[in-house]
Amino acid sequence: MVMFRRPARRSPAFRPDRIGGASVAGFAVWMALATSGAAQTSGPRSLAPNADFSKICQPATKPHLTRDWSTWDRTQPVNDPDEMYEAAIAYAEGRADTSRSPLTARKLLEDLADRPWAGRGRAHFRLGKLFLDPAAGPVDPERAASHLKTASSMLNMDGSVLLAQLHVQGRIAAANVRDAEQLLRAASTAGNVDGMIELARLQRSGKIGSVPQGVTEDLIKLALQTLYAELGKGKCGALFDIATILSDDALVPGGLAEAVKWFEAAARQGDPKADLALAEIYLQGRVKAAPEQFLSHLTRAAEAGEPRAMTLLGERLLLGDRAPKDVPKAIVWLERAGSNADPEAYKLLARHYRGEFGAAPDLPKAADALVKASALPGHTTGILVSLARLYAAGATGKPEVNAALSLYRQAAARGDVGSLTEMAKLLLAYPALGRSEEALRDLREAASLGDADAMGLLAELYACSTAVAPDPVQAKAWLTRAAEAGHVRSISAIANQAGDDPDGAQRNAKALLRAAERGDRESMILLSSAYRSGSGVAMDEAASARWRERALAPGEGRTRAMVLLARRMLDAKDGGRDEAGARTLLERAAQESDSNAQFELGRLLIAQRGRTDDVMRGVQVLRESASAGNAAAMLALAELPNAQLQPTGKTALEWRQAAAAAGSVRAAIALAASAKDESDAARWLTRIASLPVCTARDMVELAQVHHKVSGPDHGENARLWMKRALADVQAGGRDPAVLFLIGRAMVEGVGGPASRDEAVRYIQTSAEAGRVEAMRYLGRGYVSGEIGESNMQTAVQWLARALQKGDAAVAADLSRVASMPTEAADRAVETLRASAETGFAPAMREYGRSLQLGFGVPADPRAGAAWLLKAAEAGDTIAMKELSRAYASGYGVELSASASTEWLQRAARAGDAEAMYGLSLAMTLGFGTDVNASAAQDWLKTAEGAARK
């Protein structure tokens, strides 16, 4: 433990006023002397608050993050715990280049706290701090105390101070002020300034008995002198800490005016916390300041990434208070603050953004408007249903199920049959309510009144649900009735069941015709398709066009028809894939606020990689669909990168949780699979138990979750779900993706020991059906011996097939096989050569490297470099970097610094972060280019931004 000496007794000529006294003048003199003394450690200079600290301040080291830690999922290796810790701090606090994400911070810190590394004490301290932060989730002082005790035992004095505060505040069961005093004394002795200040507060509180005032004043002086010493060493973070102490009237009565000077000094050095502190002092009226001075400090703090500053700035701009009124700009700042986990910003934004009728999404505002509308005598059942949907979706902060059910009941009483079905869906989504029987009664009533959606849902429930016992006979009967009534999923299910059976196709076509003649638009679309393909009816292009035209004619039901037709265009079920035509239809349907259309359009738009405007709009449309309760849209949002999710105000985890709450079994399985501990996994497994698990894919993934969780029950559940998945596949489900998933799960022992040969057969069947992922897995498995005895010849066969399918990843695998002294090396190189000659860039690159290094062939650096050049010219950034290295060393090419840097620059322009760093260094040193410090710095910043993505 580092010991700090008590300050030497000063000469009689120096008599500081009492810190607790009315005058601050003497104290200011003492501060000046203390700063002067501190300055002498590095040459004579004044450290008064008006000094030019830029001459002595050491620039704060900004951590360089080499990866996007927000996507880290515990399965990825951690080579640098210190970087991981710095990332956690960035997510915990937020900064200009990192949005605040306490949940991400917590995930990282929980791993670091269990990891054997030198900073475990710091990780436990930060974890404890997070458990006390409302923005990070429910505040839990006891869990915080547990982590802080561990941190303290590891001599982390910050942990000791925070634990002491919990004792003093009585927030934990074992609160004891004497324990707090002991912790603070230890921290103070170790030179911890916060420990000194908190001990001074404790002494003044009287909770540990009477303490002479001079003793407490000495503690405050010691804290300040310690900070001045740090300041003299160039650690200018002390500026803010000095100001904070002086601004506390309980510590330094009348010290606020002096504190403002020190805050201003800190702000001049770029400390956003100081800018925020000044803005709040001015806002509170503790010190008078001009509006522009207040706004300048607040804006700088917000731009530097301080969430609280963003919220205050948004609020001021929204209200026009001490800032020009600017609502659009205010909303931007509030959304930024909300994405940085500031709950106050979410309160201000609670009545904004919905997206209904073409407006920006504003759930609370929409709900408020509908509440007012529902109070009018002439309101329609549509208003009640829309308001019920908003309440069910959590428009006011959390789902208000009872309020939504009440509104649905009112609408149903006024003749809206669809409300009965929606009410039943809501009841089924919340099994804890214990009202599944009521849901079934509502569905049967709606079905008896002709509601096709109710019939279809009854068919699904009897086929696969937890609400009723499975009954294939009832399921088939309701499926038929639903199809006849125009229920699209039922119609499609019957069509799929018919397969190549002519009689089945005819029956399905007749059902479609009956529904279409009754006016069902989706049936018209399917009937149009049947006439075009001749499925169950004579091929008739004119009839096909006629039914399609009727389906898309203006009128009720057109939106559903457009969505169905767009889906079929995207799936190429009615000919070739027509993305442009599908988008046009979905745009028109989305304008009518159809959540399914918004979901499909959103998915289509976010797939437009490289088209930023399309992607951003896709996210917005998905959010609108999710706001209407669409669980599929919520899950789609959960799968987006965090950067794209910022405008939605929720993280990927929050969207996934919302999807699970809305009834998405896939979301619930994903949450159980990524649970941080067994209790969290058990919570989501309980949720899954209330949802129907109907597809083999979901069954396998659920089996994998149970396999991960310890306990005999989970092992048995894993076995049962794997058995159900196998039964489903054996009954005719031959989806290559599912076959691969089953085979891989069997290799991993999910559901108990299984025949490795059987597992491999599933994977091979998937690969034979064209699943590239399965081909790659087999190739790598035969290289490593993971799926049986190592067999390089077979490995190369599967890797070659994957390469022929365009799998860029396996090119490097083949190159590695070529480097091994096995009989398959020649075949691996030949495979790469053949693919390279077709112009496939990854193969050209790896073939070139094999020639350069003599992998499987005699070394030929010049021929290798020629292939690298072809790959680089084809846009392969890895090849560009390899070529850059070749020119730098003269290996296979003429030595050329300029050519080396030119290829490095091309890779950098293509978005490669490593190349950007290299180019920055080349421009700094003048390697192959002119020295250009400004451009080098620009490339360095760009590289840092690319590395964070």
Side-chain angles (χ1 to χ4, degrees), residues 64 66-67 610 803 808-819 825 828-949:
H64 168 59
T66 61
R67 63 199 294 183
L803 189 68
V810 298
D813 292 298
L814 285 163
S815 181
R816 281 191 287 272
V817 173
S819 70
V829 173
E830 178 59 25
T831 299
L832 286 172
R833 183 195 63 76
S835 181
E837 289 177 348
T838 68
F840 189 44
M844 290 193 286
R845 177 233 305 154
E846 294 302 327
Y847 181 54
R849 293 177 66 186
S850 296
L851 287 168
Q852 273 193 319
L853 303 173
F855 288 166
V857 290
D860 189 340
R862 289 194 174 277
W867 279 107
L868 284 176
L869 177 61
K870 291 180 181 180
E873 289 176 338
D876 189 286
T877 56
I878 300 176
M880 295 176 192
K881 292 186 291 184
E882 292 286 344
L883 200 58
S884 173
R885 296 185 186 104
Y887 276 113
S889 61
Y891 191 65
V893 293
E894 183 178 349
L895 184 69
S896 173
S898 60
S900 174
T901 300
E902 180 183 347
W903 279 110
L904 198 61
Q905 188 170 42
R906 289 181 64 170
R909 287 174 176 168
D912 188 277
E914 182 186 16
M916 295 175 192
Y917 285 117
L919 181 59
S920 174
L921 181 61
M923 289 180 167
T924 300
L925 301 176
F927 179 77
T929 185
D930 294 335
V931 173
N932 190 332
S934 176
Q937 188 64 26
D938 289 342
W939 276 114
L940 183 60
K941 290 179 180 178
T942 305
E944 290 172 348
R948 286 191 296 271
K949 292 181 179 177

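Computed from heavy atoms alone, side chains included, the values below leave out hydrogens, waters and symmetry copies. Only a predicted model underlies this, so the values are computations on that prediction, with no experimental measurement involved.
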- request: Identify, with sequence neighbours excluded, every residue that meets side-chain contact (heavy atoms from CB on, under 4.5 Å) alongside Ala874.
  value: Ala841, Met844
Shortest non-hydrogen separation from Ala888 to Leu895 and the atoms involved: O-CD1, 3.1 Å
query: Do you know the tightest heavy-atom contact between Leu803 and Ala843?
result: CD2-CB, 4.5 Å
- prompt: Under the ring pair (Phe, Tyr, Trp, His ring centres under 6.0 Å) rule, what pairs show up with a residue in residues 830-849, not counting sequence neighbours?
  reply: Tyr847-Trp867
task: Would you please test Leu940 and Tyr917 for side chain to side chain contact (heavy atoms under 4.5 Å, CB included) and show each step?
output: CA-CA 6 Å; Leu940 183 60; Tyr917 285 117; 3.5 Å; yes
query: Among all residues two or more places apart in sequence or in another chain, which pass the side-chain hydrogen bond (donor to acceptor under 3.5 Å, both in side chains) test with Lys881?
result: Asp912, Glu914
query: Which atoms form the tightest heavy-atom contact between Met880 and Ala872, and what is the distance?
result: CE-O, 3.4 Å
- prompt: Quick one: OG1 on Thr901 to CZ on Arg906, what's the gap to the nearest 0.5 Å?
  reply: 14.0 Å
- prompt: Which residue pairs pass the side chain to side chain donor-acceptor pair (under 3.5 Å) test with at least one member in residues 889-898, sequence neighbours excluded?
  reply: Ser896-Ser898
field: Residues in side-chain contact (heavy atoms from CB on, under 4.5 Å) contact with Ser884, at least two apart in sequence or another chain
entry: Ser900, Trp903, Leu904
field: side chain to side chain contact (heavy atoms under 4.5 Å, CB included) between Arg845 and Leu868, worked out
entry: CA-CA 5 Å; Arg845 177 233 305 154; Leu868 284 176; 4.0 Å; yes
- prompt: Under the salt bridge (Lys or Arg N to Asp or Glu O under 4.0 Å) rule, what pairs show up with a residue in residues 809-818, not counting sequence neighbours?
  reply: Arg780-Asp813, Asp813-Arg816
Report all side-chain donor-acceptor pairs from residues 849-866 shorter than 3.5 Å, counting only partners two or more places apart or in another chain.
unit_1	atom_1	unit_2	atom_2	d
Arg849	NH1	Glu846	OE2	3.3
Ser850	OG	Glu846	O	3.0
Asp860	OD1	Ala863	N	3.2

message: Please report the interatomic distance OG1(Thr831) to CG(Leu814), rounded to the nearest 0.5 Å.
response: 6.0 Å
Do any side-chain atoms of residues 921-936 form donor-acceptor pairs under 3.5 angstrom with protein atoms, and if so which ones, sequence neighbours left out?
unit_1	atom_1	unit_2	atom_2	d
Thr924	OG1	Ser920	O	2.8
Asn932	OD1	Ser934	N	3.4
Asn932	OD1	Ala935	N	2.9

task: Of all the heavy-atom pairs spanning Pro842 and Ala811, show the shortest one and how long it is.
output: O-CB, 3.7 Å
- request: Would you confirm whether Thr838, through its side chain, and Ser835, through its main-chain N or O, come within 3.5 Å as a donor-acceptor pair?
  value: yes
Closest heavy-atom pair and its distance - Val817, Ala828: CG1-CB, 4.0 Å
query: Is a salt bridge present between Glu882 and Arg885, judged by a nitrogen-to-oxygen distance below 4.0 Å?
result: yes
- prompt: How would you list, by chain and number, every residue that makes a side-chain hydrogen bond (donor to acceptor under 3.5 Å, both in side chains) with Arg909, sequence neighbours excluded?
  reply: none
- prompt: Among all residues two or more places apart in sequence or in another chain, which pass the side-chain hydrogen bond (donor to acceptor under 3.5 Å, both in side chains) test with Arg833?
  reply: Glu830, Glu837
